[in-house]
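First up is the structure itself, then whatever we jot down about it.
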Amino acid sequence: MTLQDAFKQMGEVLPTLWFDRVKITGVKEVKHGSITDTEPVTIVDNEPAKISRKSLKPSDQKDFGTDEYDVVMYIRTGIDIPAGCKVYATDVNGRTIEYKQSGKAYTGYISHQEVALIRNEKAKEES
């Protein structure tokens, strides 16, 4: 077994360790006669992934009343995730958080890809 084969095999096992589920949405171009428009499209739904927060320190909070921080999403290879997508992540406790993607997915790994995301919502009291 080559090292590359081992990483491919690891890529099959990793999603079984990810308990977050994500829905990724984007847009696609559609021609209506001579007019080009965009339509919303679901790229994947209920896909296993891992959301990992980079950091969250009180000193990093620049504006009060916001709930903004950066995360990295780990997800299987083979999914084309263009820049600008929205990601809806549901954690193991059933809480769904919306993220916006800051850039195109990094696909340089054999076993998975990494996607930088930003949570940018107004802070609110949960009921």
Would you name the heavy atoms of [X] and [Y] that are closest together and state the gap between them?
X: Tyr99; Y: Ala89; value: CE1-CB, 3.9 Å
X: Cys85; Y: Gly26; value: SG-CA, 4.3 Å
X: Ser52; Y: Tyr74; value: CB-CE1, 3.8 Å
X: Pro15; Y: Arg76; value: CG-CB, 4.4 Å
X: Ile24; Y: Met73; value: CD1-CE, 3.9 Å

Pair listing, side-chain hydrogen bond (donor to acceptor under 3.5 Å, both in side chains) test, anchored in residues 24-36, at least two apart: Lys31-Thr36
Exam field: side chain Asp91 to backbone Asn93, donor-acceptor pair closer than 3.5 Å: yes
Worked verdict on Ile79 versus Ile43 for side-chain contact (heavy atoms from CB on, under 4.5 Å): CA-CA 8 Å; Ile79 303 170; Ile43 297 168; 3.9 Å; yes
Candidates Ile75, Ile51, Ile97 - the one meeting side-chain contact (heavy atoms from CB on, under 4.5 Å) with Asp20: Ile51
Counterpart residues, salt bridge (charged side-chain N to carboxylate O under 4.0 Å, His left out), relative to Arg21 (two or more places apart): none
All salt bridge (charged side-chain N to carboxylate O under 4.0 Å, His left out) counterparts of Asp80, not counting sequence neighbours: Lys104
Step-by-step side-chain contact (heavy atoms from CB on, under 4.5 Å) determination, Val71 to Arg119: CA-CA 8 Å; Val71 300; Arg119 179 180 181 181; 5.8 Å; no
Mutual orientation of the aromatic rings belonging to His112 and Tyr109 [parallel < 30°, tilted 30-60°, perpendicular > 60°]: parallel
Lys50 NZ to Glu114 CD distance, which is reported to the nearest 0.5 Å: 13.5 Å
Joint cluster assignment, Leu14 & Val72, ILVMFWY side-chain distance < 4.5 Å: yes
